[in-house]
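Just so we're clear, the structure is a prediction, and the values are computed from it rather than from any experiment.
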Amino acid sequence: MKTIGITGGTGFVGQHLTKMLVAKGYEVLIFTRSVAVKSPAPHVNYVHWDSDKGECDNNALRSIDAIVHLAGAGIANKRWSADRKQKIVDSRVKVTDFLVAQLREHAKNCKVLVSASATGYYGADTNGKPFTEDDAPATDFLGDTCRQWEAATQKAEDALRTVILRFGIVLGKEDGAFAKFALPMSFGIMPVLGKGTQVVSWIEADDLAGLVLHAIEKDNVSGIYNAVAPQPVTHRELMQTIADTKGGIKIPVPVPAFMLKTLVGEMSEEVLKSCTVSANKILSTGFKFQRPDIKKAVKAILGKE
């Protein structure tokens, strides 16, 4: 039985991944600052790490066969002040630098590093074609953040098989975009952000966990891959699918761009832009999505499969 380490394992994606790894027979070590308040579960243990203080459980590092790096301050959790933007960058770039250094020194049995990145790397659609992994990064805040984040991860490539997954918008019941989109519908309201025509490149949470597992287990998977479903949708299509699946009367309520700008500031640009991203490269490795289309994904999330 192999042991998989996870940074950021207590978060939304980490919880889905942990559940899947345990079901597949793996032991899981979750690297966290808050070991004292975490109770071990069957095949899941919590071990100390604090990159700000330069602390990490070296014995835990020696025991892992692979590690999944999900740690990072939430992109959409708070308004983007200058301090918040710096925290978003540092929690990715500096933390990844620390992790790679620790893996090099202590994790001699670790063969694979799977690290998150994001489709924010690409910026907004420009040429009418889906973005592929070979496209250049955008020159905006998220594009530059992802470029630095990935460069830090790639420092491990000469020591470990390294996989970078550019996450699309992750949809799941517990947290993230889906929960925010679905909440107003409980009151009969279907908010439509901007014109609603912006393209959303998304992935259902369990499919993302499965993709991470695929990256761990398949020796032919190495380098950068888009972690998105093969069928992107417009924002309006996403919202209408949630409304139809939930059932009942849902009144569309436009949320114009100027209002979003007032509410969330610079982050509104990310909500309103189209970003069409190709899944072809990960599909070419043999990965099969369980929920490749938005209707199937939303039914699964709402327990109506």
To check you understand the geometry: which heavy-atom pair defines the closest contact between [X] and [Y], and what is its length?
{"X": "I224", "Y": "E150", "value": "CD1-OE1, 3.6 Å"}
{"X": "A215", "Y": "V112", "value": "O-CG1, 4.2 Å"}
{"X": "L165", "Y": "A227", "value": "CB-CB, 4.2 Å"}
{"X": "Q231", "Y": "P292", "value": "CB-O, 3.6 Å"}
{"X": "L61", "Y": "C56", "value": "CD1-SG, 3.7 Å"}
{"X": "D135", "Y": "P130", "value": "OD2-O, 4.3 Å"}

For [X], does the [atom1] atom have more than 12 heavy-atom neighbours from other residues, nucleotides or ligands under 6.0 Å away?
{"X": "R84", "atom1": "CZ", "answer": "yes"}
{"X": "I169", "atom1": "CD1", "answer": "no"}
{"X": "K85", "atom1": "NZ", "answer": "yes"}

Does any non-hydrogen side-chain atom of [Y] lie less than 4.5 Å from one of [X]?
{"X": "V95", "Y": "D90", "answer": "no"}
{"X": "D140", "Y": "K273", "answer": "yes"}
{"X": "V163", "Y": "R161", "answer": "yes"}
{"X": "L21", "Y": "V68", "answer": "no"}
{"X": "I88", "Y": "W80", "answer": "yes"}
{"X": "N226", "Y": "K281", "answer": "no"}
{"X": "L160", "Y": "C110", "answer": "yes"}
{"X": "I282", "Y": "R166", "answer": "no"}

Next item on the list: Measure up the F98 and W49 rings against each other and bin them: parallel (under 30°), tilted (30 to 60°), perpendicular (over 60°).
Entry: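 Rings of F98 and W49: tilted, as their planes differ by 30° to 60°.
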
Notebook entry, point to check: Does a donor on one side chain sit under 3.5 Å from an acceptor on the other, for H69 and T153?
Noted result: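 The criterion, which ignores hydrogens and geometry beyond distance, is not satisfied for T153 and H69.
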
[X] side chain to [Y] main-chain N or O, any donor-acceptor pair under 3.5 Å?
{"X": "Y46", "Y": "R33", "answer": "no"}
{"X": "D207", "Y": "F289", "answer": "no"}
{"X": "D65", "Y": "T3", "answer": "yes"}
{"X": "K129", "Y": "D125", "answer": "no"}
{"X": "N109", "Y": "S63", "answer": "no"}
{"X": "Y26", "Y": "A23", "answer": "no"}

Next item on the list: Check step by step if side chain to side chain contact (heavy atoms under 4.5 Å, CB included) holds for L193 and Q198.
Entry: CA-CA 9 Å; L193 306 183; Q198 63 271 31; 4.0 Å; yes

Next item on the list: Would you check, one step at a time, whether the test side chain to side chain contact (heavy atoms under 4.5 Å, CB included) holds for Q290 with D206?
Entry: CA-CA 8 Å; Q290 299 302 305; D206 284 332; over 6 Å; no

Next item on the list: Run the salt-bridge test on D97 and K94 with the 4.0 Å N-O cut-off and return the result as yes or no.
Entry: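 So D97 does not pair with K94 through a salt bridge.
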
Notebook entry, point to check: Are K299 and D293 within salt-bridge range, i.e. N to O under 4.0 Å?
Noted result: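 Salt bridge flag = no for D293 with K299.
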
Check: Given L99 and F31, is the side chain to side chain contact (heavy atoms under 4.5 Å, CB included) satisfied, shown in steps?
Finding: CA-CA 11 Å; L99 175 64; F31 289 78; over 6 Å; no

Note to self: Strictly by ring pair (Phe, Tyr, Trp, His ring centres under 6.0 Å), give each pair with a member in residues 168-207 just once, sequence neighbours left out.
What the structure shows: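 Qualifying pairs: F181-H235.
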
Note to self: Test of understanding: with ring pair (Phe, Tyr, Trp, His ring centres under 6.0 Å), list the residues that count as partners of F167, not counting sequence neighbours.
What the structure shows: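 Result, ring pair (Phe, Tyr, Trp, His ring centres under 6.0 Å) vs F167: none returned.
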
For residues 242-257, please give each side-chain donor-acceptor pair under 3.5 Å, one per line with the distance, not counting sequence neighbours.
| from | atom 1 | to | atom 2 | distance (Å) |
| --- | --- | --- | --- | --- |
| D244 | OD1 | Q240 | NE2 | 2.9 |
| T245 | OG1 | T241 | O | 2.7 |
| K250 | NZ | G247 | O | 2.3 |

Next item on the list: Could you go through the side chain to side chain contact (heavy atoms under 4.5 Å, CB included) check for V89 and W149 one step at a time?
Entry: CA-CA 8 Å; V89 174; W149 189 9; over 6 Å; no

